[in-house]
A.B. asks: 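A single structure is presented below for examination.
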Amino acid sequence: MGPQSTPDLSTDVSPLSLSTVAVVGLGTMGTGIAEVLTRAGREVIGIDTDEAAARQAVATLESSTARAVQRERITERERQDLLARFRTFSDLQAAADADLVIEVVPEDYELKRQVITTLDGIVRPETIIATGTNALSVTRLAADSRRPERVLGVHFFNPAPAMKLVEVVSSVLTAPTAVAAVTELARDLGKDPIAVGDRPGFVADGLLFGYLNQAAAMYESKYATREDIDAAMRLGCGLPMGPLALLDLIGVDTARTVLEAMYADSHDRLHAPAPILGQLAEAGLTGRKAGRGFYRYSDEATPGSATVVPDAETPTAADEQAAGRTVRSVGVAGSGTMASGIAEVFAKAGFEVVLAARSLEKAEKAKARITKSLGRSVDKGRLTAEARDAALAAITPAGSLDAFADVDLAVEAVAEDLEVKQQLFGTLDKVCKPGAVLATTTSSLPVVACARATSRPQDVIGMHFFNPAPAMKLVEVVRTVLTADDVHATVRAVCAKVRKHPVDCGDRAGFIVNALLFPYLNNAIKMVQEHYASLDDIDAAMKLGGGYPMGPFELLDVVGLDVSLAIEKVLHAEFRDPGLAPAPLLEHLVAAGCLGRKTGRGFREYARR
């Protein structure tokens, strides 16, 4: 067999030359990509062997464009022109005149290989072939093609019309000009493309699916309910969806496939699919598309309904414990940002608050911080002047914990140092009246170790507020094996009175939020450490592709690299999983004193004020 002629992809491959695009596979993603392309003026050839899928794709485009006309985003004439640019076929031969083919058939290697190798004999030599895989090897698919230099990956995110991120994936075989042309096309479509290499999950899914897998394992271990896991990540991290609800949206079977590919590549236990994913997938409980996954969805609606309906696991009012203890006055120990924020929360809710610090001067400074915070709320119209004055009048600064003698609930928010906290709880044990609830705001230390520093461990519980406490709605309520039922009930009732959302979890490292958040952050650092992607591309990928309010490196610099490293070490020590070992790059930056925004330099440099 003689050598094959190689098309010169260095000429006539530009975004403008990619005027006719074939989309193979008209499921949800294929239909979304087709819509994006037609709206951008491309001629689109939709191909699917299932004629019903093709009809549904046309109907979806007709419906979405009709809404656009109603909202006066396009005219009826523009709509008709747009619809005329979308034609559907049932045979791959229809792709013969395409400048670019994007395949988004189901995530099965053999099926994708057949599509690509069949296209080899149909399309022109210079036509670019893009696979929409997010889990399979682009390199392997390219190598099976007769012209591997023209095969690359183009990973849109669902829903394609709305999501801005597109990952353009090149293998070692891909011609750079093909990557450049598809990248420019993505920009012309109004997307934000990032260039990545070929590894399972690429950037966004590579970070996202490890996190989703850990959330599934957390639920499977019965550490927390599905509702509490999802609420914790939405309210504690500002995510648009909780991880279990997101798994149902993506498809439990799809998630399992992606994780299998990631594990085969990384051999990291964090990527080994949680057994429950396999159990649900094999039972056909694949999420919204099946009407049931981690949650049950409306039976009356069409497949894919987002409406959750109650099932046997849904919490009810009867699940709440009996009445707890009466709480009228609260003591807050500490003088930092967290302590003053918690004191503000309780005072605004009508509790009498004693704010105790190591000196009266420090306590008064903390109250002054609260005064400024409440003043800003008044200026923004969120609080009346009368409510501000009432809240400030409810706060009494004190220079000693002796002032906690009559409080019903004592909350400590001092340094994250176990010895310091244990000494404080020993003092609370002596000072506080019998029956008072003693709470720690620790985010990483064992609550039971604080409880054992007292003669009444049954009265001790964790109340993990999130910073800034006045704004963040979440409180992780952490029970130890010794915490009394009425203490737990008391804290949940108090959370309701201060308008916070309580989630229950057991006394183990990281609780819910940090146990899921910090391995994700650590994996992002490893991506940079391995030179797979840049800080900017990773941050952009998670904001644009995952809906995260901040990219991982923005968040690390805000939290503080020293704080992040300490939490990573606690997680690694507790769970003993090699995948949780802190990334060496994080350790090196902390050792160099680059701790994030507070020092002017972390993963990025910041202007000093």
Side-chain angles (χ1 to χ4, degrees), residues 20-40 42-68 79 82-98 100-119 122-123 129-136 141 153-163 166 189 248-258 281 284-293 297-298 301-306:
T20 302
V21 183
V23 178
V24 182
L26 295 175
T28 302
M29 181 59 78
T31 299
I33 294 170
E35 178 176 339
V36 171
L37 289 162
T38 52
R39 283 178 180 269
R42 265 54 182 188
E43 295 288 331
V44 179
I45 300 163
I47 302 172
D48 201 303
T49 54
D50 183 350
E51 293 184 5
R55 287 194 299 272
Q56 180 60 48
V58 172
T60 299
L61 191 57
E62 288 175 342
S63 177
S64 66
T65 53
R67 288 195 300 271
R79 175 177 182 256
L82 187 156
L83 293 172
R85 290 196 295 272
F86 182 47
R87 295 167 293 150
T88 61
F89 303 86
S90 60
D91 194 312
L92 280 176
Q93 288 292 336
D97 295 328
L100 166 69
V101 183
I102 303 173
E103 72 75 16
V104 275
V105 299
E107 199 75 345
D108 175 88
Y109 175 77
E110 185 56 31
L111 179 58
K112 289 182 181 290
R113 187 193 69 79
Q114 286 178 5
V115 169
I116 290 172
T117 55
T118 301
L119 287 168
I122 295 173
V123 299
I129 299 175
T131 172
T133 184
N134 65 344
L136 304 176
L141 289 168
V154 57
H155 182 211
F156 287 79
F157 287 74
N158 199 18
M163 301 298 280
V166 173
L189 298 177
D248 276 355
L249 175 62
I250 292 168
V252 173
D253 51 342
T254 300
R256 185 190 183 197
T257 298
V258 173
L285 307 179
T286 53
R288 286 191 191 179
K289 60 189 175 185
R292 186 178 166 195
Y297 298 88
S298 175
T302 56
S305 169

A.B. asks: Using 0.5 Å steps for rounding, measure from the CG atom of D253 to the CD atom of E107.
C.D. replies: 11.0 Å
A.B. asks: Give the intermediate values and the outcome of side chain to side chain contact (heavy atoms under 4.5 Å, CB included) for residues L285 and V252.
C.D. replies: CA-CA 8 Å; L285 307 179; V252 173; over 6 Å; no
A.B. asks: Considering all heavy atoms of both residues, which atom of T131 and which atom of K112 are nearest to each other, and what is their separation?
C.D. replies: OG1-CD, 4.1 Å
A.B. asks: Minimum heavy-atom separation for P161 to V36, with atom names?
C.D. replies: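 What the structure gives for the nearest pair is CA-CG2, 3.6 Å.
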A.B. asks: Between T31 (side chain) and L26 (backbone), is there a donor-acceptor pair under 3.5 Å?
C.D. replies: yes
A.B. asks: What pair of heavy atoms forms the shortest contact from R39 to S64, and how long is it?
C.D. replies: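 Where R39 meets S64 most closely, the heavy atoms are NH2-O, 3.6 Å.
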A.B. asks: Drop me the distance from F156's CZ to L37's CG, to the nearest 0.5 angstrom.
C.D. replies: 6.0 Å
A.B. asks: Check residues 87-95 and write down every donor-acceptor pair under 3.5 Å in which the side-chain atom is one partner and the other belongs to a residue at least two apart or another chain.
C.D. replies:
from	atom 1	to	atom 2	distance (Å)
D91	OD1	Q93	N	2.9

A.B. asks: My understanding is that only one of L61, I45, V23 makes a side-chain contact (heavy atoms from CB on, under 4.5 Å) with F86; could you say which?
C.D. replies: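 Single side-chain contact (heavy atoms from CB on, under 4.5 Å) partner of F86 among L61, I45, V23: L61.
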A.B. asks: Check this for me, if you would: do E62 and R79 make a salt bridge, where the nitrogen-to-carboxylate-oxygen distance has to be below 4.0 angstrom?
C.D. replies: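 A salt bridge is absent here (no side-chain N lies under 4.0 Å from a carboxylate O).
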A.B. asks: Return the OG1 to CZ distance between T118 and R113, rounded to the nearest 0.5 Å.
C.D. replies: 8.0 Å
A.B. asks: State, with a plain yes or no, whether a side-chain heavy atom of P159 is found less than 4.5 Å away from one of E35.
C.D. replies: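 No, every pair of side-chain atoms sits at 4.5 Å or beyond.
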A.B. asks: How close do H155 and G132 get, heavy atom to heavy atom, and via which atoms?
C.D. replies: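 Heavy atoms of H155 and G132 come nearest at CD2-O, 4.2 Å.
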A.B. asks: Atom CD1 of I129 and atom CD1 of I116: how far apart are they, to the nearest 0.5 Å?
C.D. replies: 6.5 Å
A.B. asks: Are Q56 and T60 close enough, and set up right, to give a side-chain hydrogen bond (donor to acceptor under 3.5 Å, both in side chains), and what steps lead you there?
C.D. replies: CA-CA 6 Å; Q56 180 60 48; T60 299; 3.2 Å; yes
A.B. asks: Nearest 0.5 Å please: distance from the CG atom of N158 over to the CG atom of N134.
C.D. replies: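 The CG atom of N158 sits 11.0 Å away from the CG atom of N134.
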A.B. asks: Mind listing the closest non-hydrogen atom pair of A22 and I47 along with its distance?
C.D. replies: CB-CD1, 4.4 Å
A.B. asks: CG of L141 to CG of L136: how many Å apart, nearest 0.5 Å?
C.D. replies: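 That separation rounds to 6.0 Å.
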A.B. asks: Considering non-hydrogen atoms only, spot the tightest contact between V154 and A130 and give its length.
C.D. replies: CG1-CB, 3.2 Å
